[in-house]
K.L.:
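Could you have a look at this structure, given as structure tokens, before my questions?
Side chains are part of it too, since the values below use all heavy atoms of this structure and drop only hydrogens, waters and symmetry mates. Counting convention: from 1, in listed order, for ligands and their atoms alike. This one's a predicted model, so the numbers in the text were calculated from it and none came from an experiment.
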Amino acid sequence: MSELIIGVLGLQGAVSEHIKQIEATHCKGIIVKKPEQLHDIDGLILPGGESTTMRKLIDRYGFLEPLKQFSLQQKPIFGTCAGMVLVAKDLTDSDDVHLKLMDVRVKRNAFGRQKESFEATLQIKGFESPYTAVFIRAPYIETAGDQVAVLATYENKIVAAKQDHILVSAFHPELTSDTRFMKLFVDMVKKSKEIAAY
Ligand code: GLN
């Protein structure tokens with residue numbers, strides 16, 4: 001199979017850190033700044049940053065429909081932190097929902113002021129040893145539909161999950177040297193490309 005190409009939506013937020021980690025998993029990482037570039041990639045990361053700002057830029061650069069189309073093709077999407085807010089079907093205390101790709105209700109900035117940013121050791125489904133996760137003004141998933149697989153919780157809150165071709169984490173996998181979470185996504189991208197080529 002040809003090299004996997006993973007795009008990172010490059011409108012705002014933690015873009016270059018993702019590119020580095022994509023390359024650490026031996027895939028090609030490209031920064032997506034124009035909707036046409038979505039045709040060139042096998043999977044897409046919506047990075048952490050500020051979801052309200054990112055949404056404004058999504059609208060300004062005409063990304064809303066192209067992103068929905070990308071998802072309709074069942075191409076894998078990984079939303080980290082603000083990216084998780086962007087893919088949620090519902091947001092707690094807000095009507096301001098965005099892409100509505102995943103059957104979850106997400107609470108923004110959910111861990112409170114004492115925990116603006118912190119590290120936590122998580123047990124992630126399928127991992128043989130604990131994973132140290134970095135949280136920054138993180139959201140969590142308050143409720144999840146039947147089709148959603150919970151991958152990790154922290155203080156009984158859902159902080160990583162998957163539904164079909166959509167993966168989300170409340171934490172920032174690109175800010176650690178542990179590439180295991182990114183590899184979960186790379187595996188999803190690889191499988192989806194194999195199915196598409198079949
Ligand atoms: N709280 C931010 C938001 O809702 C997300 C923070 C982050 O991505 N680190 O957009």
Side-chain angles (χ1 to χ4, degrees), residues 6-22 29 31-33 43-61 63-64 67-68 71 76-122 124 131-144 148 151-163 166-182 184-185:
I6 297 183
V8 183
L9 189 66
L11 300 175
Q12 191 258 345
V15 178
S16 58
E17 296 86 345
H18 273 295
I19 297 285
K20 279 191 202 123
Q21 202 168 89
I22 291 165
I31 300 175
V32 174
K33 285 188 175 284
L44 176 70
I45 294 175
L46 303 172
E50 190 51 49
S51 54
T52 44
T53 308
M54 236 182 279
R55 171 58 195 273
K56 281 189 194 126
L57 296 170
I58 283 173
D59 290 342
R60 185 180 305 163
Y61 293 100
F63 263 107
L64 194 65
L67 287 173
K68 288 184 181 171
S71 177
I77 297 177
F78 179 15
T80 66
C81 204
M84 173 163 120
V85 175
L86 289 176
V87 300
K89 201 176 87 180
D90 281 311
L91 298 178
T92 306
D93 306 323
S94 170
D95 295 329
D96 208 11
V97 282
H98 308 293
L99 296 166
K100 295 184 251 178
L101 306 179
M102 189 177 193
D103 189 11
V104 289
R105 188 172 82 226
V106 167
K107 185 174 164 75
R108 293 182 61 206
N109 304 323
F111 289 99
R113 279 179 170 260
Q114 285 83 19
K115 285 193 173 175
E116 283 262 305
S117 95
F118 59 98
E119 279 189 12
T121 304
L122 307 178
I124 294 185
Y131 175 89
T132 304
V134 176
F135 291 82
I136 304 169
R137 284 178 293 111
Y140 59 65
I141 294 176
E142 222 164 27
T143 58
V148 177
L151 301 181
T153 59
Y154 172 67
E155 295 183 340
N156 294 322
K157 313 294 187 200
I158 303 170
V159 292
K162 180 176 180 292
Q163 180 182 4
I166 313 279
L167 178 70
V168 291
S169 68
F171 48 85
H172 286 260
E174 78 285 6
L175 296 183
T176 55
S177 53
D178 186 338
T179 55
R180 286 180 294 167
F181 205 86
M182 184 62 80
L184 272 185
F185 183 60

K.L.:
Does S71 use its side chain to pair, donor to acceptor, with the backbone of K68 at less than 3.5 Å?
P.N.:
no

K.L.:
Is any side-chain heavy atom of V97 closer than 4.5 Å to one of K89?
P.N.:
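Contact flag for K89/V97 side chains = no.
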
K.L.:
Test your reading of the model: is there a side-chain donor-acceptor pair from Q12 to the backbone of L57, 3.5 Å cut-off?
P.N.:
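No; zero donor-acceptor contacts below 3.5 Å.
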
K.L.:
Suppose we measure from atom 4 (O) of ligand 1 to each protein heavy atom; which comes out shortest, and what is that distance?
P.N.:
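Answer, as residue, atom name and distance: R108 NE, 2.7 Å.
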
K.L.:
Quick one: which ligand 1 atoms are inside 4.0 Å of a heavy atom on G48?
P.N.:
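Counting from 1, the qualifying ligand atoms are 8 (O).
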
K.L.:
Could you tell me whether ligand 1 has any atom less than 4.0 Å away from a heavy atom of M54?
P.N.:
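No, M54 has no heavy atoms under 4.0 Å from ligand 1.
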
K.L.:
For atom 7 (C) of ligand 1, find the nearest protein heavy atom and state the residue, atom name and distance (0.1 Å precision).
P.N.:
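I find the closest protein heavy atom is C81 SG, 2.8 Å.
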
K.L.:
Using the rule given for side-chain contact (heavy atoms from CB on, under 4.5 Å), can you reason through I22 versus F185, listing the C-alpha separation, both sets of side-chain angles and the distance that settles it, and then say yes or no?
P.N.:
CA-CA 10 Å; I22 291 165; F185 183 60; over 6 Å; no

K.L.:
Run down the list G83, G49, S51 and name the one with the heavy atom closest to atom 6 (C) of ligand 1.
P.N.:
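Selected option, by shortest heavy-atom distance: G49.
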
K.L.:
Any donor and acceptor pair, going by atom type alone, linking the side chain of T80 with main-chain N or O of G48 inside 3.5 Å?
P.N.:
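Looks like yes, one N/O pair under 3.5 Å.
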
K.L.:
At what distance is the nearest protein heavy atom to atom 1 (N) of ligand 1, and which residue and atom is it?
P.N.:
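Protein heavy atom at minimum distance: N109 OD1, 2.4 Å.
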
